[in-house]
Novice: 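Following this message is one structure expressed as structure tokens.
What you are looking at is a predicted structure, and each value in this text was computed from that prediction instead of being measured.
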Amino acid sequence: MSQNFAERITQLPELTVRNVDTFLAACGDIGLYIDHTDTVLEVFASESSLIEITRNWVGRPVKDVLTVESLPKMKELLRALRDGGPTRRRQVNHPLRGQDDLPITYGGWLLNDSGHVALFGQDLRPMASLQARLVASQQNLERDYERMRKMEARYRMLFQDASDAFLIVDAADNRVIEANPRASQLLGIQTSELAGRKLSQIFAKADRGGVEATLAGVMASARSETTSAEVDGGGVTRLLLHAKLFRAAATTLFMIRLAPTEEVQPSALPSNDENATQLLEGAMDGVVLADTQGRIIWSNMAFLDLTQLAMREHALGAPLAEYLGRTDVDFSVLISNAKRYGRVRSFSTTCRGAGGLITDVDVSAIALPDGSPPGYGFVIRDVSMRASTEEAGTDGLPRSAEQLTELIGRMPLRDVVRTATDVIEKMCIETALRMTGDNRASAAEMLGLSRQSLYVKLRRYDLGDLKDN
């Protein structure tokens, strides 16, 4: 303590009973008066919570109100004060029943030659709470970092080992950010050399405008588009580019999937007969050829109408499962049965259009024989009009168990069960009326219903003329 500050302290007015509480509160949150036997003679607390905690401390040895690990610290502090040497504040903990320990940092001075000591402490619970929150936040950050590291590792493994060629392109300037080894192989450019290059500059000058226009179209519509371009230099001569938009970490990116044009040749029909080709092109039903991985290699215009695609190139190379099937399971079942039995006929499912339109369809599939190219052929027939007029009666209920099973996948199980219950109930009422010659009272008795309940159900299912009843 400086001499000037000491002089200022000695000029303070003499403490009285009226102002001593204010002085003590200024010194700390808690005060202890301890005699030469280390017994607590008096306690001062500035807050109600501390008053409640220290209520039973008076008359007890100081060791009884401290945790075991805090005893050496308190003994060291009291010995230093009584020896008259320099002291520093000590942090100790007071045990609380059923709660966390109370942390206090104490300092003090010797009051008289008899060894009585006054201790003044500061409550560290607010600081401990902040520290606990800081630790919890740090742990949460570590868990998030670990989760991100695991996701990054999985992404890297899938991206690097993928059999398809992929480029990740920044939508802001159309420059390549990442390329997997398959893309480097197709383009004939080292992966390290691809990073930072503008996508259009990888291809021949005649095709650069088309690549830029495709990316602009994807950016404007947020829908995937496909184009083709010739590689500038070595590698495969011409490639198909399937571009899709996505966001990651507040950045808009393109995912570009590359494929050699010979893998998705638009004219890859199993027959060279021009009449057969014209027949398939002009068919009212959608006709699609897919490779062994289920990617579209040819389609007619009727399929484009079902899927709401503007150009055939938008479908080429895309997985047929993106458009066909209520779920991914539908398409898997269709493919596996076509592969096992050679053909599948009248498989009921739905076709999803690019604009969100869902159409009920019947699909027939055939496994193409090994040749050029092997894969599958599909005939997709729109049955939405037939479904609306034939599959349900005037009350909207199915007519048979087969039609009930077709509801699976179109609505939740509880709705299918409720519909089945309605069908059975209606059939039972119709049978009872037929057996009783349309005698409502006898039909109600046969069904175990009151006449009023029967009339309610007749109205519900629109059965019979109820005007005379």
Novice: Using the test side chain to side chain donor-acceptor pair (under 3.5 Å), find all partners of Tyr106 that sit at least two apart in sequence or belong to another chain.
Specialist: His94
Novice: Among residues at least two apart in sequence or on other chains, which ones pass ring pair (Phe, Tyr, Trp, His ring centres under 6.0 Å) with Phe159?
Specialist: Tyr155
Novice: Sequence neighbours excluded, which residues qualify as side chain to side chain donor-acceptor pair (under 3.5 Å) partners of Glu146?
Specialist: Arg149
Novice: Determine, for Arg460 against Asp422, whether the closest basic-nitrogen to carboxylate-oxygen distance falls under 4.0 angstrom.
Specialist: yes
Novice: Output yes when a side-chain donor or acceptor of Asn337 lies under 3.5 Å from a complementary backbone atom of Val333, and no otherwise.
Specialist: yes
Novice: One pair to check against side-chain contact (heavy atoms from CB on, under 4.5 Å): Leu306 and Ile380. What are the steps and the verdict?
Specialist: CA-CA 9 Å; Leu306 282 172; Ile380 306 170; 3.8 Å; yes
Novice: Between the side chains of Gln452 and Ser450, does any donor sit under 3.5 Å from an acceptor?
Specialist: no
Novice: Grab the two heavy atoms, one from Ile202 and one from Arg197, that are nearest each other, plus how far apart they are.
Specialist: CA-NH2, 4.2 Å
Novice: Of all the heavy-atom pairs spanning Pro260 and Leu186, show the shortest one and how long it is.
Specialist: CG-CD2, 3.8 Å
Novice: Which pair of heavy atoms, one from Ser299 and one from Leu304, lies closest together, and at what distance?
Specialist: OG-CD2, 3.9 Å
Novice: Is it the case that the side chain of Asn300 and the backbone of Val287 share a donor-acceptor pair, with hydrogens and angles ignored and the cut-off at 3.5 Å?
Specialist: yes
Novice: Just jot down the side-chain contact (heavy atoms from CB on, under 4.5 Å) partners of Ala441, sequence neighbours excluded, or say none.
Specialist: Asn439, Arg451
Novice: Checking side chain to side chain donor-acceptor pair (under 3.5 Å) between Ser200 and each of Glu212, Arg208, Lys205, which is the one that passes?
Specialist: Glu212
Novice: Give the C-alpha distance, both sets of side-chain angles, the deciding distance and a yes or no for side-chain contact (heavy atoms from CB on, under 4.5 Å) between Thr349 and Leu324.
Specialist: CA-CA 8 Å; Thr349 184; Leu324 200 59; 4.3 Å; yes
Novice: Looking only at heavy atoms, what is the nearest atom pair of Ile177 and Ala195, with distance?
Specialist: O-CB, 4.0 Å
Novice: Distance check, rounded to the nearest 0.5 Å: Asp29 atom CG versus Ile104 atom CD1?
Specialist: 6.5 Å
Novice: Please identify each residue that fulfils salt bridge (charged side-chain N to carboxylate O under 4.0 Å, His left out) with Glu193, with sequence neighbours left out.
Specialist: none
Novice: As an exercise, state the distance from SG of Cys428 to NZ of Lys457, rounded to the nearest 0.5 Å.
Specialist: 10.5 Å
Novice: Test side-chain contact (heavy atoms from CB on, under 4.5 Å) on Asp123 and Ile30 and set out the steps.
Specialist: CA-CA 8 Å; Asp123 187 356; Ile30 187 172; over 6 Å; no
Novice: Testing the 3.5 Å rule here: is there a donor-acceptor pair between the side chains of Ser346 and Asp362?
Specialist: no
Novice: Answer yes or no: is there an ion pair linking Asp285 with Arg381, defined by an N-O contact shorter than 4.0 Å?
Specialist: yes
Novice: Taking Arg156 first and then Glu152, would you say they form a salt bridge - that is, a charged N and a carboxylate O separated by under 4.0 Å?
Specialist: yes
Novice: Please round to the nearest 0.5 Å and tell me the distance separating atom CZ of Phe331 and atom OH of Tyr323.
Specialist: 12.5 Å
Novice: Going by the side chain to side chain contact (heavy atoms under 4.5 Å, CB included) test, name the single residue among Leu167, Asn174, Ile168, Thr214 that passes it with Phe254.
Specialist: Asn174
Novice: Between Asp100 and Arg125 (salt bridge meaning N to carboxylate O under 4.0 Å), is one present in this structure?
Specialist: no
Novice: Is it true that Asp207 and Arg238 have a side-chain N and a carboxylate O under 4.0 angstrom from each other?
Specialist: yes
Novice: Without swapping roles, check the side chain of Ser453 against the backbone of Leu449 for a donor-acceptor pair under 3.5 Å.
Specialist: no
Novice: Please report the closest heavy-atom contact between Ala365 and Leu334, naming both atoms and the distance.
Specialist: CB-CD1, 4.0 Å
Novice: Would you name the heavy atoms of Phe303 and Ala315 that are closest together and state the gap between them?
Specialist: CE2-CB, 4.4 Å
Novice: Should Lys244 and Glu225 count as an ion pair when the cut-off is N to O under 4.0 Å?
Specialist: no
Novice: Nearest 0.5 Å, please: how far is CG in Asp170 from CG in Leu199?
Specialist: 11.5 Å
Novice: Let me confirm one number: the CD1-SG distance from Ile358 to Cys351, rounded to the nearest 0.5 Å.
Specialist: 9.5 Å
Novice: Strictly below 4.0 Å, N to O, side chains only: are Asp161 and Arg182 in salt-bridge contact?
Specialist: no
Novice: Could you list the residues that satisfy side chain to side chain donor-acceptor pair (under 3.5 Å) with Gln138, not counting sequence neighbours?
Specialist: Glu142
Novice: Assess the side chains of Arg247 and Thr252: does a donor N or O sit below 3.5 Å from an acceptor N or O?
Specialist: yes
